[in-house]
Amino acid sequence: MANQPQAMRRFRLRDIVEDRRIALMLALGFSSGLPLLLVLGTFTLRLAFSDIDVRAIGLFSYVALPYSLKFLWAPAIDRLNVPVLSARLGRRRAWMVTTQAAVALCLILMAFSDPKTNLALLGLGAFLVAFCAASQDVVIDGWRIDAAGSDFQGILAATSNLGYRLGLISAGAGALFIASAGGWTLAYLIMAALMLVGMIAALLAPAFDRPRTVQAETLGRSRFWSMRHAVLEPLTELHGRFGGALWGILLLVALFRLPDFLSGVMASPLYRTLGFDLKEIATVTKLYGIWVGIAGGFAGGWALARLGLFPTLLLGAFLAASSHLAFAWLAAGAPEIWRLTVAISVENFCGSFAGIVLIAYMSSLTSPAYAATQYALFSSLYALPGKLIAGSSGFVVAAIGYPAFFVMTSLVGIPVLVLCVAVGRRTGQAEAAAPAREAQETGNRIPGPELPTTARAPGAA
């Protein structure tokens, strides 16, 4: 029997213990964050401690490109079923379990690949981990969007961010401690075992697969999905809702975190130039900084729930850009630990706040029928330009110095604020009357085995 509509309500603190979506999202966020450093920071440290040539280490950074190109195969995840599993678990949960199992198997491959004798095999394993982990991110994002209504999107995004950072801590500091005590093989095997956290959550999670509106097919039309349906329809659907404003929205997404990608590349060289040692850098940036970032993420979720999407989007854009002035201040002074702590506090808190806001904003732009594909497009768009441009940041620092460089990255926030004012209120709800009416009817209830909610972010009016 269908559940009766209930009125929408705001997030309550007791939902943290009463709503199982929060615990599930925490575990799924952990599973999403765990593989990242195992193909980036932790992986490059493994290569360095194996005396691999530094030029080869630099080339291996490309194994993580699937994280930025996942929108290319996201349509398949949005439309295709996993044989056998989809019939039992639903499309999204089946893809989650499949990709998580694949990540674990590829980590086992990396565990038994010696960089000194099987460097190519190790690199292949790292690439496969990145590909499977990026695919996992696509389906987890789609599940989160379908699982949360407008008054809950920011909370689930913040919870996912907490789990994600716990995964980063495990794959970063945790893997290094294990490797120093028992070797890299043991470290990667334990990381593979930790993927069970996400697999268990996926099996326990409710299915949120939304039924598609299928048009009548003409005789002789292929039963298999086509490139037109898988790729063009999500894009034309976006253009149909937003019209010409879509170009401004895409530009806003592309520029919103650009200052972070530019400054992030030069942060570590700055620490070394100022004279901080590895212990100080690890303690302040990798341990203390992680928890400050978690606080910033929850502050962003709270602001979304209380202030609404558009005001928080403006605040996030301002904080994300202005926070880089803390690094400019750090670069211009003496290498004192308290100065590093202040700079990291400002940067990590504001960066995480802005990241949560961007997640909620991108989520609000998607249509339930194409949530995974469209969100993957937006999330790839916000990351790819920064990663491509960031390679030139070293040349800029060499020409103008660290203080001027970080001031310059702050100035990127000015056009971002202008774009926020121009198109930040466009979330697609006004253009999609039916989804809006459905959101008003279903709200954010938790009725039995089904949790029918919308994919709209807080404050989207």
Side-chain angles (χ1 to χ4, degrees), residues 11 13 16-17 22-38 40-42 45 144 154-178 180 187 190-191 194 197-198 201 257 259-261 263-264 267-268 270-271 274 276-306 312 315-316 319-320 322-327 329-330 335-360:
F11 167 75
L13 288 177
I16 294 176
V17 294
I22 293 180
L24 292 170
M25 196 71 253
L26 183 68
L28 292 174
F30 176 87
S31 178
S32 181
L34 185 72
L36 181 63
L37 290 183
L38 299 176
L40 287 175
T42 302
L45 277 173
R144 174 183 54 79
I155 300 301
L156 282 196
T159 306
S160 176
N161 182 61
L162 172 58
Y164 193 91
R165 289 180 178 274
L166 292 175
L168 292 180
I169 292 174
S170 299
L176 293 180
F177 282 125
I178 296 171
S180 64
I190 292 178
M191 295 301 110
L194 287 177
V197 174
R257 299 301 302 274
D260 292 327
F261 285 106
S263 65
S268 293
L270 170 64
Y271 305 148
L274 291 176
F276 293 108
D277 60 39
L278 286 176
K279 183 178 180 180
E280 292 171 330
I281 295 172
T283 301
V284 176
T285 67
K286 302 300 183 184
L287 294 178
Y288 168 77
I290 287 287
W291 292 105
V292 173
I294 291 172
F298 273 100
W302 178 88
L304 285 165
R306 294 298 179 183
T312 312
L315 179 60
L319 292 177
S322 60
S323 64
H324 299 297
L325 295 177
F327 273 150
W329 168 77
L330 175 66
E336 299 172 297
I337 195 68
W338 72 269
R339 291 170 56 84
L340 177 63
T341 303
V342 170
I344 289 298
S345 298
V346 173
E347 173 67 18
N348 285 22
F349 184 90
C350 295
S352 292
F353 185 102
I356 291 299
V357 175
L358 181 60
I359 289 173

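Please read these numbers as outputs of a predicted model, since none were measured by experiment. Just the heavy atoms: all of them, side chains too, but no hydrogens, waters or symmetry mates, feed the values below.
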Undergrad: By side-chain contact (heavy atoms from CB on, under 4.5 Å), which residues pair with Ser160, not counting sequence neighbours?
TA: Met25
Undergrad: Answer yes or no: is there a donor N or O on one side and an acceptor on the other, between the side chain of Arg339 and the main chain of Trp329, under 3.5 Å?
TA: yes
Undergrad: Which residues pass the side-chain hydrogen bond (donor to acceptor under 3.5 Å, both in side chains) test with Ser31, sequence neighbours left out?
TA: Gln136
Undergrad: With sequence neighbours excluded, what pairs up with Leu319 under the side-chain contact (heavy atoms from CB on, under 4.5 Å) test?
TA: Leu315, Cys350, Phe353
Undergrad: Within the 4.5 Å heavy-atom criterion, are Arg144 and Ile359 side-chain neighbours or not?
TA: yes
Undergrad: Would you name the heavy atoms of Arg257 and Gly355 that are closest together and state the gap between them?
TA: NH1-CA, 3.1 Å
Undergrad: To the nearest 0.5 Å, tell me how far Leu156 CG sits from Leu24 CG.
TA: 9.5 Å
Undergrad: Locate the shortest heavy-atom distance separating Gly316 from Ala354; write the atom from each residue and the value.
TA: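 Taking every non-hydrogen atom into account, O-CB, 3.6 Å.
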Undergrad: Taking side-chain hydrogen bond (donor to acceptor under 3.5 Å, both in side chains) as the test, write out the residues that go with Thr159, two or more places apart.
TA: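 Not a single residue meets the side-chain hydrogen bond (donor to acceptor under 3.5 Å, both in side chains) criterion with Thr159.
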Undergrad: Run Glu347 and Asp260 through side chain to side chain contact (heavy atoms under 4.5 Å, CB included) and show every step you take.
TA: CA-CA 9 Å; Glu347 173 67 18; Asp260 292 327; 3.6 Å; yes
Undergrad: Using side-chain contact (heavy atoms from CB on, under 4.5 Å) as the criterion, list what pairs up with Ser32, not counting sequence neighbours.
TA: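 For Ser32 the side-chain contact (heavy atoms from CB on, under 4.5 Å) partners, ignoring immediate neighbours, are Asp137, Ile140, Tyr164.
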Undergrad: side-chain contact (heavy atoms from CB on, under 4.5 Å) with Leu162: which residues, sequence neighbours excluded?
TA: Leu26, Leu166, Ile294, Phe298
Undergrad: For Gly300 and Thr312, work out which heavy atoms get closest and say how close.
TA: O-CG2, 4.3 Å
Undergrad: Quick one: closest heavy-atom pair of Val357 and Leu304, and the distance?
TA: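 Shortest heavy-atom contact: CA-CD1, 4.3 Å.
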Undergrad: Quick check against the 3.5 Å criterion: does Ser352 have a side-chain atom that pairs as donor or acceptor with the backbone of Gly293?
TA: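 Side chain of Ser352 to backbone of Gly293, a donor-acceptor pair under 3.5 Å: yes, one is there.
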Undergrad: According to ring-ring contact (aromatic ring centres under 6.0 Å, His included), who are the partners of Trp291, at least two apart in sequence or on a separate chain?
TA: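 Per chain and number, Trp291 pairs via ring-ring contact (aromatic ring centres under 6.0 Å, His included) with no residue.
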Undergrad: How far does NE2 of His324 sit from CG of Leu330, to the nearest 0.5 angstrom?
TA: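 His324 atom NE2 to Leu330 atom CG measures 14.0 Å (nearest 0.5 Å).
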Undergrad: So which atom in Met191 and which in Ala171 form the shortest heavy-atom distance, rounded to 0.1 Å?
TA: SD-CA, 3.9 Å
Undergrad: The criterion is ring-ring contact (aromatic ring centres under 6.0 Å, His included); which residues satisfy it with Phe30, sequence neighbours excluded?
TA: none
Undergrad: Who passes side-chain hydrogen bond (donor to acceptor under 3.5 Å, both in side chains) against Ser170, sequence neighbours left out?
TA: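 Ser170: no side-chain hydrogen bond (donor to acceptor under 3.5 Å, both in side chains) contacts found.
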Undergrad: So, for Ile344 and Gly289, which heavy atoms are closest and what is the spacing to 0.1 Å?
TA: CG2-CA, 3.8 Å
Undergrad: Find the distance between CD1 (Ile178) and CD1 (Ile190) and round it off to the nearest 0.5 Å.
TA: 4.0 Å
